[in-house]
Every structure is written in structure tokens, then in C-alpha cells.
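A short worksheet on the structure shown next.
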Amino acid sequence: MSARTKIALITGGSRGLGKNSAIKTAQKGLDVIITYRSNKEEADATVKEIQALGQKAIAYQLDTRDTKSFDAFVKTVGDHLEENTGSRNIDYLVNNAGTALYAPIQDVTEEQLDDMVDIHFKGVFFLTQKFLPFINNEGGIINVSSGLARFALPGSSVYGSMKAAVDMLTKYQAKELGARRIKSNVVAPGAIETDFGGGRTRDDEHVNALVAGNTALGRAGVPDDIGGVVAFLCTEDARWINGQRIEASGGMFL
Ligand code: NDP
């Protein structure tokens, strides 16, 4: 009897690191559900790439700041899965969706701080909570954090602090879900060339050189440096990794 195909749900899979993670996870033989906030076309393109690999994929719109929409979202996903697999469950939840905020402490507004809390902590916390009954035992949670939770660069106080909160939340998830043999781990990228933050690591020569100069491997990261790490955590080979923060930064600010 062939093993059941596992399913990963990846938030923010339309672009950047989420897209790369979705494709690399499909290459490992998993079916993938992705979400996007507004870029339906790019989400559909990711779905097509995954389907071309022979795996099932579907994209749903979800604003991960909108906790009130989570019950309906979990139901929509569950209905779809039940119809197609006979079970409402996923195996892996990858909390990847996120946005940047670069602002010195004296300029941060309450609205900006609330937005960072909502997308990087509150949304991650409650989306995971809502999916808990629907993550198969022995599955996993992968939270995407940042190098900025370990080192401090001026202008990232709120963002870095929210990612640090996610690092700690991951340990609590690992402890509280251990009885169900569900693992929870962090993937913490260094600065990666995506659209993130207006694409500044990719497009601003000065920032790119600064990152490269402070990275042991001598360059800024690209999405291909990250997706495979997330995908690995969605496999049996990673089954004994739990409560860990895996930084994939090429050795940034060591
Ligand atoms: P991108 O800007 O390239 O992609 C962001 C993704 O998140 C898109 O799929 C976007 O959807 C989705 N998204 C944005 N806001 C929301 C929202 N409110 N609700 C739901 N989905 C949303 O960013 P990256 O791929 O670079 O970043 C992914 C994760 O990696 C983030 O958590 C980020 O903090 C983290 N990270 C990134 C680093 C980097 O240097 N790039 C470094 C360290 C961590 P849509 O396409 O519809 O807008």
C-alpha cells in the first residue's frame, strides 16, 4: 500500500520565499495549499508550477491579519480536503506570510506597530490555533522568522521584536504539541532578494553590498536558499528536529 500523500499549507505562497517553499515542498512529493493576500495571478502561477510537478495544489485568498476570517478559512480548506481526500486534515502548516517595516523607534506609529503585531504574531498565533484540530498527529508547524530576531539593525525594532516573539512561540508550540508528536520549528532567513520591503535587498545596491559584506558566504540570499530548508522540515527526515530555530543566512553577522 502506498503511503498517503502529505499536505502542506503555506501562507503567502504567491511570491518570494513562500512560493519557493511551496515548489520545493511539492518536489518532495507533498500536495500544497497556498494563500495570497491580493496577487491572485501570481498565486495561480505558483499553483500551475506545482501541478506541472505532478502534485495537487490550490490557492486561497487570506489576509493573515484578519483573525475574524480564520474560522471560515479553515472550513473552506477542510471542505475542499474532505471532498478530495476524505479527510479535513493537513500535515504541515507553514506560517510564512509577512510584510516589512523599516522605521526608527522615534517614528513608529501605533498603527504601524499594531499592523506588525497582527501579521507577524497575532495572525500566526491564531491561524495555528484554529488549524490545531486539523493538523495530523506527527505533522509539523514551520514559522518563518528572521535573522533580525538575533541581531539588531537600526529601523527594525518592531519587526525584529515580533519575529523574536515567534521564535519563543515556536518553543511553546513544540512543548504543548509534543504529546501529539507535532513538531514546531523556526526557519530564520537572513536578508533575501525578494519583493520584501520594496525589494530593497535585491534592488538597492548599497543594501545588497552591506548584506554581502556582513555575510560569511559573501552575498545576499536568494529564494532558492530558503525554500529547500522549509521543504526539508516537511519530511520524515526532519522528524527529530523540534523546537529549533534554523537560521539560513549564509552566516550573517556571525
Ligand atoms: P514577499 O514580499 O516576497 O512575499 C510576501 C508574501 O506574503 C506574498 O505571498 C504576499 O501575498 C503575502 N502577504 C503579505 N501580506 C499578507 C497578509 N496581510 N496576509 C496574507 N498574506 C500576505 O516577502 P518574502 O517572501 O521575502 O517574505 C516571506 C516571509 O519571510 C515573511 O514572513 C518575512 O518576514 C520573512 N523574511 C523575509 C526576509 C527577506 O529578506 N526577504 C528575511 C527574513 C525573513 P501577495 O502576493 O498577495 O501580496
Side-chain angles (χ1 to χ4, degrees), residues 9-24 32-47 49 59-70 73 93-102 112 114-124 126-127 142-151 153 155-156 158-167 169-170 186-204 207-208 210-212 214-215 219-227 229-230 245-250 252-253:
L9 191 154
I10 301 176
T11 63
S14 46
R15 293 183 285 128
L17 307 185
K19 174 177 185 168
N20 194 272
S21 300
I23 290 167
K24 294 273 175 72
V32 183
I33 298 166
I34 62 165
T35 72
Y36 61 95
R37 178 187 48 180
S38 53
N39 279 308
K40 183 177 185 325
E41 265 179 39
E42 299 203 49
D44 288 343
T46 306
V47 164
E49 272 193 60
Y60 291 107
Q61 198 279 331
L62 176 73
D63 187 331
T64 57
R65 294 169 298 187
D66 183 10
T67 51
K68 301 230 170 347
S69 71
F70 289 176
F73 174 67
L93 174 63
V94 182
N95 289 304
N96 164 79
T99 49
L101 171 66
Y102 304 110
Q112 286 174 321
D114 284 345
D115 191 58
M116 285 287 107
V117 172
D118 287 351
I119 191 158
H120 288 295
F121 187 71
K122 190 175 169 190
V124 170
F126 285 110
L127 191 66
I142 295 111
N143 295 319
V144 177
S145 174
S146 169
L148 288 165
R150 175 177 62 82
F151 49 78
L153 284 181
S156 289
V158 181
Y159 173 82
S161 300
M162 286 304 98
K163 291 300 199 185
V166 160
D167 287 359
L169 171 64
T170 303
V186 161
V187 174
I192 314 289
E193 296 177 6
T194 68
D195 298 337
F196 190 74
R200 66 189 224 159
T201 299
R202 183 190 56 212
D203 301 335
D204 182 325
V207 171
N208 193 283
L210 186 91
V211 170
N214 287 292
T215 299
R219 62 168 174 81
V222 293
D224 261 338
D225 295 323
I226 304 301
V229 183
V230 172
R245 179 182 184 277
I246 301 175
E247 188 171 305
S249 68
M252 203 175 165
F253 289 116

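Counting convention: from 1, in listed order, for ligands and their atoms alike.
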Quick test: of every protein heavy atom, which one is nearest to [atom], and how far off is it to 0.1 Å?
atom	answer
atom 38 (C) of ligand 1	Gly190 O, 4.0 Å
atom 27 (O) of ligand 1	Phe196 CD1, 3.9 Å
atom 37 (C) of ligand 1	Leu17 CD1, 3.8 Å
atom 31 (C) of ligand 1	Asn96 O, 3.1 Å
atom 19 (N) of ligand 1	Thr64 N, 2.9 Å
atom 21 (N) of ligand 1	Ala97 CB, 3.4 Å
atom 24 (P) of ligand 1	Thr194 OG1, 3.7 Å
atom 10 (C) of ligand 1	Arg15 NH2, 3.7 Å

So do the side chains of [X] and [Y] get within less than 4.5 Å of each other, counting heavy atoms only?
X	Y	result
Asp203	Glu193	no
Lys163	His120	yes
Pro223	Ile192	yes
Val124	Thr64	no
Lys19	Thr46	yes
Leu9	Thr35	yes
Leu127	Leu62	yes
Arg15	Asn39	yes

Does [X] come within less than 4.0 angstrom of ligand 1, counting non-hydrogen atoms of the residue?
X	value
Lys19	no
Glu193	no
Arg65	yes
Ser145	yes

Option set [options], criterion heavy-atom distance to [atom], minimum:
atom	options	result
atom 15 (N) of ligand 1	Arg37, Met116, Arg200	Arg37
atom 5 (C) of ligand 1	Ala100, Ala22, Gly98	Gly98
atom 30 (O) of ligand 1	Val94, Thr99, Val144	Val144

Mind checking whether [X] has an N or O less than 3.5 Å away from an N or O of ligand 1?
X	answer
Ala191	no
Gly12	yes
Ser14	yes
Gly147	no
Asp63	yes
Thr201	no
Tyr159	yes

**Complete:** Given the options Asn208, Val222, Asp195, Arg202 meets side-chain contact (heavy atoms from CB on, under 4.5 Å) only with Asp195

**Asked** Is Asn214 reaching over with its side chain to a backbone N or O of Met252, donor-acceptor style, under 3.5 angstrom?
**Response** no

**Item:** Donor-acceptor contact below 3.5 Å, side chain Asn20 vs main chain Gly16
**Value:** no

**Residues Asn143, Thr170; criterion side chain to side chain donor-acceptor pair (under 3.5 Å); working and verdict** = CA-CA 7 Å; Asn143 295 319; Thr170 303; 3.0 Å; yes

**Aromatic ring pairing Phe196/Tyr159, orientation class (parallel under 30°, perpendicular over 60°, tilted between)** = tilted

**Message:** I need the atoms of ligand 1 closer than 4.0 Å to a non-hydrogen atom of Ser146, numbered in the order shown.
**Reply:** 43 (C), 44 (C)

**Item:** Contact atoms of ligand 1, heavy-atom distance to Leu62 under 4.0 Å
**Value:** 19 (N), 20 (C), 21 (N)

**Fill in**
Rounded to the nearest 0.5 angstrom, the NZ-CD1 distance for Lys24 and Ile226 is 9.5 Å

